[in-house]
Trainee: 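Here's a structure for you.
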Amino acid sequence: MRISIEWLKEFVDVKEGTSALADMLSMLGFEAEVVHDFSLLSKIVIGKVVTAQKHPNADRLKLCTVNDGTDTLSVVCGAPNVDAGQTIAFARVGAVLPGDFVISKAKIRGQESRGMICSERELGISDEHDGIMVLPNTLKVGRPIHPHLDKMYSSLEIDLTPNRPDGFSHYGIAREIALKTRRKLNDISVKTSNAKSKNIHKIAKVTIDDAKDCPRYMGAVLNNVTVGPSPDWMVDRLKAAGQRSINNLVDISNYVLLEMGHPTHIFDYDKISSNTITIRRVKNDKTITTLDEEKRKLSKQQLLITDGKKPIALAGIMGGLESAVQDKTTTVFVESAYFDPVAIRKGSKELGLLTEASRRFERGADVHAAETALWRVINLLQEFAGGELVPGIIDEYPGKFKSINISMRRSELDLFAGCAISDKEVKIILDGLEIKFEKKKEYWKCTPPSFRPDLEREADVIEEIIRVYGYDNIPSSTKYASSYVVDHPDPEQPLEDLRNLFSAFGYQECQSNTLQSKQWTTIHGKKSIPMMNPLTEHMTHMRTDLLPGLLEAVDFNIKNGSTDLYLFELGNVFIQQKKGLSGIKEIPMICGLVYGDRVSLSAHEQAKPTSLFTIMGHMDRLCKSFGENAPTYELVEAQGYQKAFAVSVEKEELGMVGTIDNTFVENLGLEIDNTIHCFSLEINKLMPLLRHKQLFAPINVYPIVERDIDFVFPEQAETGVVSQKILQQNFPNLTEVFPIDIFRHKSVGDEQKSVTFHFRFQHPDKTLEDKEVSSVINKIKRLVLSEFDAKLRSSN
Amino acid sequence: MTNSLKETIEAVRKSFLTALDSFPSDTHEIEVLKSSYFGRKGELAKLYAQMGSISHEDRPNAGKAINALKEECSRLFEEQEKKYITPDSTQTDQLDYTLPGEAQRLGSKHPISKTLQEVKDIFTSVGFHIAYGPEVDDDYHNFTALNFPEHHPARDMQDTFFVQKDVVLRTHTSNVQIHLMENSEPPLRYIVPGRVYRNEAISFKSYCLFHQVEALVVDKNISFGDLKGTLEYFVKRVFGSSVTMRFRPSFFPFTEPSAEVDIWDEKRGQWLEILGCGMVDPAVFENVGYDPKVWHGYAFGLGIERIAMLKYGISDIRLFFQNDKRFLDQF
């Protein structure tokens with residue numbers, strides 16, 4: 001909402017500069033920003049058009065002479081409204097307009113132009129660009145323009161919170177300023193007439209179907225109205241508040257809305273065929289064409305103003321086109337009502353039509369202000385549109401406002417504030433808020449005004465006291481630490497360990513969008529969760545797998561020049577396992593992939609590509625770092641993988657590792673030219689491992705004895721199985737077995753491979769003797785030769 | 001020392017010298033030759049292996065002889081080797097120290113994780129627990145129980161993704177407040193981090209999701225001053241003790257009084273909003289069955305992206321979710 005400073009001054013003395021005022025309001029809960037900085041226009045002066053003639057070489061241009069206070073300059077101007085004698089805003093050569101537009105000397109169609117006569121848009125006041133801005137003749141030629149603009153058009157943009165309908169007007173904001181600065185708040189003056197005759201009732205009747213929807217409906221009729229332009233001061237104020245002037249009738253209703261926040265509507269009386277206004281819900285009505293010339297479909301949600309038969313307005317939202325005032329309108333019916341906030345909100349939501357009126361009604365207007373607003377509109381119509389009031393007004397008021405009493409305890413106020421705010425201070429604040437109160441011994445009995453529907457409970461009043469007292473004046477406690485003892489404050493601490501581990505392995509952590517396309521989320525055949533109101537067609541469902549997001553990152557980075565990537569992400573995937581909310585499973589996962597080289601080419605070494613063993617190495621190390629043995633891998637069938645293995649520790653399956661199938665990447669619509677190996681583990685399965693409590697194991701100080709044995713196996717033999725078999729025998733002092741070399745040569749034999757196994761022996765309490773090791777080595781040889789199709793490779 | 005051993009030693013010496021005469025020029029063959037004498041199963045190793053079978057008194061001399069042979073062979077081999085192998089930089093006196101060091105792979109944690117961890121550490125250091133909760137929740141926990149009436153403009157404050165009529169992607173982690181209070185008795189002292197969603201057009205300043213940390217403290221005798229003290233401590237820990245901050249009145253349905261915290265940005269000469277906070281609204285306590293006459297509390301919520309953007313000087317929120325290596329490499 002835009003607030004004109006000049007307008008505010010009608011209600012309260014404003015001594016502050018615009019930005020100081022913005023700060024004050026922000027600190028009252030009305031976040032305010034200064035709209036214009038007219039001081040940037042300091043090079044623009046007040047000028048006078050001395051002569052204005054048709055440009056000799058152009059039909060639409062005028063050749064003018066302008067007096068800028070020192071010189072008379074020739075200026076070419078394109079505005080149709082420029083005329084001799086006008087006082088105007090003149091940008092001299094060298095002046096800078098908003099948007100860094102520098103005025104320079106020019107020749108336009110052969111005529112010299114030394115400066116520019118400005119429009120409102122060029123000065124940043126409004127969007128008006130059809131003509132130049134004509135200033136009052138009282139302004140002194142040659143003076144800078146900005147003091148005048150400051151005075152007339154300075155404004156604040158206020159971001160209003162939804163709980164404060166009362167702040168939705170100049171008067172409401174003035175009330176807050178008066179409250180904070182303790183200055184006087186001037187009343188909105190209205191002249192009511194109390195004529196004896198009530199002719200109004202002969203020519204207009206109002207019926208309300210449901211008092212809940214429309215607790216109050218007031219109306220008045222004015223004859224002999226003349227539609228025409230509004231007075232300059234009104235146009236200027238509307239302009240400063242960001243509104244365009246339309247005509248005096250429309251402007252008056254808008255003016256009252258911006259002045260005191262209460263929406264009113266002016267109908268063309270002659271278009272209300274039955275002279276009866278009925279406020280009711282939609283029955284058989286199908287459509288209404290609103291003021292903005294949109295034909296709108298109606299549903300039972302909508303509250304209507306009808307002429308007894310057909311709808312003539314959407315109550316509290318927008319008037320109908322048919323009943324709207326026109327240039328020829330002579331008699332008007334003025335509506336000032338109070339509609340139920342929920343009814344208006346539902347109607348406005350359903351139509352997707354948010355208006356100045358609906359915004360105010362849905363937050364809760366002031367039922368008492370309906371009367372003031374009606375008289376204010378009547379007064380302005382009388383004064384500026386020649387209207388003559390048909391004696392009497394209509395006031396259907398079936399839903400009487402009931403004021404409430406709230407006890408605000410001194411003890412509770414002190415407890416909330418954490419400091420004592422004096423009785424005197426509380427009194428000043430309550431008075432300023434227009435909250436009526438009686439001071440009792442332990443509490444204040446408060447009655448909030450009708451314009452503050454947000455004040456319903458003790459906490460609401462306490463908030464007001466603290467807000468106005470000033471948050472900055474509340475002393476900060478220094479007891480922010482707690483003495484609660486927390487054993488494991490973060491249940492997800494193990495995930496941080498996991499992040500540390502994978503970043504140590506060289507992976508970069510990613511964060512991808514949870515929302516993906518249906519195709520991506522169903523590619524594994526899982527049931528994904530759709531949005532009812534997706535943001536874009538690529539973000540309709542929740543992810544069921546972290547891999548597509550990471551692959552997208554690979555695609556993106558390849559296109560941006562990366563040749564190798566190690567990426568991982570930790571996050572939830574979402575699967576609809578059964579119907580309803582309880583059937584939605586949020587499964588935390590960690591997924592990672594490697595792409596390209598593990599070691600890149602340098603002066604020191606050759607490039608080494610990543611492989612599935614890169615991933616397996618990380619899995620092995622992961623388990624080892626949490627005190628477990630290396631996991632086992634079992635070949636499994638999995639969609640989207642060339643090869644996939646289930647990863648298990650102690651028979652518990654943690655997830656999968658594998659090499660991604662290229663068609664999977666293509667199906668995602670991605671382009672990745674190289675093989676990708678990946679892992680995907682379920683956090684809940686990993687957790688017991690991650691929570692493993694690591695205890696120190698004593699260090700074995702005795703020497704390690706190392707031996708190698710070369711075996712020759714058929715090509716298909718699996719070295720891991722051999723190692724496992726050996727380890728399972730629990731040979732004395734054997735601590736480690738692993739292959740260190742695989743050799744294929746015709747001397748070994750066709751379809752055969754020679755594998756060198758490396759063995760490490762260590763005794764916990766002594767130095768091992770050769771024969772102890774040799775005897776085990778012999779046993780191992782016998783075991784392998786008998787259990788596998790193996791030979792010993794003769795050492796020459 | 002037995003003669004046979006002597007002879008064997010001499011034989012090895014001779015064969016070695018012969019081999020040196022026809023020293024290979026191929027790197028691989030040099031390696032093969034080297035290992036056939038010096039390797040684990042090479043000739044020298046075999047000599048040493050024979051030590052076990054000779055008598056005790058002969059052993060010292062035999063050892064000396066084999067050692068001498070090994071020394072001689074090594075020296076001769078190295079001389080030859082130097083002639084035939086182009087020495088690499090590490091083995092010459094002409095070491096090129098201007099070569100780059102060996103490239104090291106270093107991963108990184110996402111700036112959101114890093115910032116979140118920092119925030120968690122600050123709060124756990126002053127006695128907060130950490131709780132987590134669902135990203136998909138019912139309307140009740142995300143809105144109604146938090147005192148967002150069904151047909152109130154407050155609902156417009158957060159654009160919401162709907163999964164079903166009454167099921168939403170949480171718009172804040174405050175839904176976990178309600179779950180916590182439903183399932184435990186006061187006092188409580190928690191922060192709740194997690195992903196939250198807003199159905200807003202994506203731009204440099206807003207994304208359809210972000211990470212929030214919400215805090216809830218419930219106890220007897222909790223005041224607005226306690227909230228201020230806690231947040232001043234937090235903001236100073238994150239942005240440094242010289243930071244200028246202010247508490248500006250605001251509105252959230254689940255707190256009253258409510259405030260937003262701004263910090264002063266010297267560079268841009270303006271206040272920047274960093275978090276929202278307030279005293280828990282008694283209606284929220286009533287909704288979870290806590291007696292608001294006995295219990296008071298405060299809550300606050302902050303966006304991790306927002307903090308990270310200020311900390312690192314990132315101006316486009318979308319960078320967090322693009323997974324651009326050139327971005328990730330910087331953390």
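Just the heavy atoms: all of them, side chains too, but no hydrogens, waters or symmetry mates, feed the values below. Each chain gets a letter, A, B and so on, in the order the sequences are listed, and its residues count up from 1.
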Trainee: Between A/Met531 and B/Phe161, does the side chain to side chain contact (heavy atoms under 4.5 Å, CB included) criterion hold? Intermediate values first, please.
Mentor: CA-CA 7 Å; A/Met531 297 298 108; B/Phe161 284 111; 3.7 Å; yes
Trainee: Might you point out which heavy atoms bring B/Arg195 and A/Asn513 nearest each other, and give the distance in Å?
Mentor: NH1-C, 4.2 Å
Trainee: Name the region of B/Val163, side chain, backbone, both or neither, that has any atom closer than 4.5 Å to a heavy atom of chain A.
Mentor: both
Trainee: Decide yes or no for A/Lys349 and B/Arg155: does some side-chain heavy atom of the first lie under 4.5 Å from some side-chain heavy atom of the second?
Mentor: no
Trainee: Looking at B/Ile202, B/Asp226, B/Thr124, B/Ile112, which one has more heavy-atom pairs under 4.5 Å with chain A than the rest?
Mentor: B/Asp226
Trainee: Looking at B/Pro187, B/Ala201, B/Ala131, which makes the most heavy-atom pairs under 4.5 Å with chain A?
Mentor: B/Pro187
Trainee: Can you say whether A/Thr536 sits under 4.5 Å from chain B via the side chain, the backbone, both, or neither, judging by heavy atoms?
Mentor: neither
Trainee: So what's closer than 4.5 Å to chain B heavy atoms on A/Phe505: side chain, backbone, both or neither?
Mentor: backbone
Trainee: Nearest 0.5 Å please: distance from the CZ atom of B/Phe224 over to the CD atom of A/Glu463.
Mentor: 9.0 Å
Trainee: So for B/Glu232, is it side chain, backbone, both, or neither that comes closer than 4.5 Å to the heavy atoms of chain A?
Mentor: side chain
Trainee: Decide yes or no for B/Lys41 and A/Asp710: does some side-chain heavy atom of the first lie under 4.5 Å from some side-chain heavy atom of the second?
Mentor: yes
Trainee: Do the non-hydrogen side-chain atoms of B/His296 and A/Glu412 ever get within less than 4.5 Å of each other?
Mentor: yes
Trainee: Name the option with the most non-hydrogen atom pairs under 4.5 Å to chain A; the candidates are B/Leu227, B/Val217, B/Asp329.
Mentor: B/Asp329
Trainee: Output the option from A/Glu605, A/Arg467, A/Glu492, A/Glu362 having the highest count of non-hydrogen pairs under 4.5 Å with chain B.
Mentor: A/Glu492
Trainee: Between A/Arg499 and chain B, with a heavy-atom cut-off of 4.5 Å, which part of the residue counts as in contact: side chain, backbone, both or neither?
Mentor: both
Trainee: Determine whether more than 12 heavy atoms belonging to other residues, nucleotides or ligands lie under 6.0 Å from atom NZ of A/Lys559.
Mentor: yes
Trainee: Identify which of B/Gln164, B/Lys165, B/Met279 forms the greatest number of heavy-atom pairs closer than 4.5 Å to chain A.
Mentor: B/Gln164
Trainee: Side chain from CB out, backbone as N, CA, C, O: work out which of these in A/Ser602 comes under 4.5 Å of a heavy atom of chain B, or both, or neither.
Mentor: neither
Trainee: With chain A as the partner, which of B/Tyr207, B/Phe331, B/Tyr132, B/Phe247 has the greatest number of non-hydrogen pairs under 4.5 Å?
Mentor: B/Tyr132
Trainee: With the side chain counted from C-beta on, respond yes when A/Asn560 and B/Gln322 share a heavy-atom pair under 4.5 Å apart, and no when they do not.
Mentor: no
Trainee: So how far is it from B/Lys325 NZ to A/Asp564 CG, rounded to the nearest 0.5 Å?
Mentor: 6.0 Å
Trainee: What are the two closest heavy atoms between B/Ile222 and A/Leu415, and how far apart are they?
Mentor: O-CD2, 3.5 Å
Trainee: For residues A/Cys510 and B/His110, report the shortest heavy-atom separation together with the two atoms involved.
Mentor: C-CD2, 3.9 Å
Trainee: Identify which of A/Thr514, A/Val599, A/Leu565 forms the greatest number of heavy-atom pairs closer than 4.5 Å to chain B.
Mentor: A/Thr514
Trainee: With rounding to the nearest 0.5 angstrom, report the CZ to CG distance, B/Phe251 to A/Leu160.
Mentor: 11.0 Å
Trainee: Is it the backbone or the side chain of A/Ala603 that comes under 4.5 Å from a heavy atom of chain B, or both, or neither?
Mentor: side chain
Trainee: So which part of A/Asp414 gets closer than 4.5 Å to some heavy atom of chain B, the side chain, the backbone, both or neither?
Mentor: neither
Trainee: Looking at A/Glu496 and B/Lys120, does any basic side-chain N land under 4.0 Å from a carboxylate oxygen?
Mentor: no
Trainee: Could you measure the distance from the CG atom of A/Asn500 to the CD atom of B/Gln117? Nearest 0.5 Å is fine.
Mentor: 8.0 Å
Trainee: Identify the two heavy atoms, one from B/Asn199 and one from A/Leu535, that lie closest to each other, and give their separation to 0.1 Å.
Mentor: OD1-CD1, 3.2 Å
Trainee: CG of A/Leu601: more than 12 outside heavy atoms within 6.0 angstrom?
Mentor: yes
Trainee: Just how far is it from atom OH of A/Tyr471 to atom OG of B/Ser258, taken to the nearest 0.5 Å?
Mentor: 6.5 Å
Trainee: Please state whether the side chain, the backbone, both or neither of B/Glu260 comes within less than 4.5 Å of a heavy atom of chain A.
Mentor: side chain
Trainee: Is the shortest side-chain heavy-atom distance between B/Ile130 and A/Gln493 below 4.5 Å?
Mentor: no
Trainee: B/Ser108, B/Ser223, B/Gly229, B/Gly127: which one forms the most heavy-atom pairs within less than 4.5 Å of chain A?
Mentor: B/Ser108
Trainee: Examine whether an atom of B/Ser125 lies under 4.5 Å from a heavy atom of chain A, and if so say whether it belongs to the side chain, the backbone or both; otherwise answer neither.
Mentor: neither
Trainee: Compare every heavy atom of B/Pro282 with every heavy atom of A/Arg457, then report the nearest pair and how far apart it is.
Mentor: NH1-CG, 4.1 Å
Trainee: Just so I understand: if I count every heavy-atom pair under 4.5 Å between each of A/Ala459, A/Ala553, A/Gly418 and chain B, which residue has the most?
Mentor: A/Ala459
Trainee: Please state whether the side chain, the backbone, both or neither of A/Asn557 comes within less than 4.5 Å of a heavy atom of chain B.
Mentor: side chain
Trainee: Against chain B, work out which of A/Ser562, A/Pro475, A/Ser512, A/Ala504 has the most heavy-atom pairs shorter than 4.5 Å and name it.
Mentor: A/Ser512
Trainee: Over all heavy atoms of both residues, which pair between A/His604 and B/Leu99 is shortest? Give the atoms and the distance, please.
Mentor: CE1-CD1, 4.1 Å
Trainee: Do side-chain atoms of B/Asn323 reach the backbone of A/Gln508 as a donor and acceptor pair under 3.5 angstrom?
Mentor: no
Trainee: Is B/Leu169 close to chain A through its backbone or its side chain, or both, or neither, when contacts mean heavy atoms under 4.5 Å?
Mentor: side chain
Trainee: Flag the one option from A/Phe30, A/Phe574, A/Phe568, A/Phe556 with the top tally of heavy-atom pairs under 4.5 Å to chain B.
Mentor: A/Phe556
Trainee: Check each atom of A/Pro341 against the heavy atoms of chain B and say whether the ones under 4.5 Å are side chain, backbone, both or neither.
Mentor: neither
Trainee: Between A/Asp597 and B/Arg105, is the closest basic N to carboxylate O distance under 4.0 Å?
Mentor: no
Trainee: What's the separation between atom CD in A/Glu509 and atom CG in B/Leu328, rounded to the nearest 0.5 Å?
Mentor: 9.0 Å
Trainee: Look only at the side chain of A/Glu586 and the backbone of B/Val136, and say whether a donor-acceptor pair between them is shorter than 3.5 Å.
Mentor: yes
Trainee: Given a strict heavy-atom distance threshold of 4.5 Å, which part of B/Arg248 is in contact with chain A: side chain, backbone, both, or neither?
Mentor: both
Trainee: Measure the shortest side-chain to side-chain distance between A/Met542 and B/Tyr197 over non-hydrogen atoms and say whether it is less than 4.5 angstrom.
Mentor: yes
Trainee: Quick one: of A/Cys419, A/Pro534, A/Gly506, who has the most non-hydrogen atom pairs under 4.5 Å with chain B?
Mentor: A/Gly506
Trainee: Under 4.5 Å from any heavy atom of chain B, what part of A/Ile466 do you find: side chain, backbone, both or neither?
Mentor: side chain
Trainee: Would you call B/Asp156-A/Arg363 a salt bridge at under 4.0 Å N-O?
Mentor: no
Trainee: Would you mind checking which part of B/His152 comes under 4.5 Å of any heavy atom in chain A, side chain (CB onward), backbone (N, CA, C, O), both or neither?
Mentor: both
Trainee: Just so I know, are the side chains of A/Glu31 and B/Ser250 near enough to count as touching, which here means a heavy-atom distance under 4.5 Å?
Mentor: no
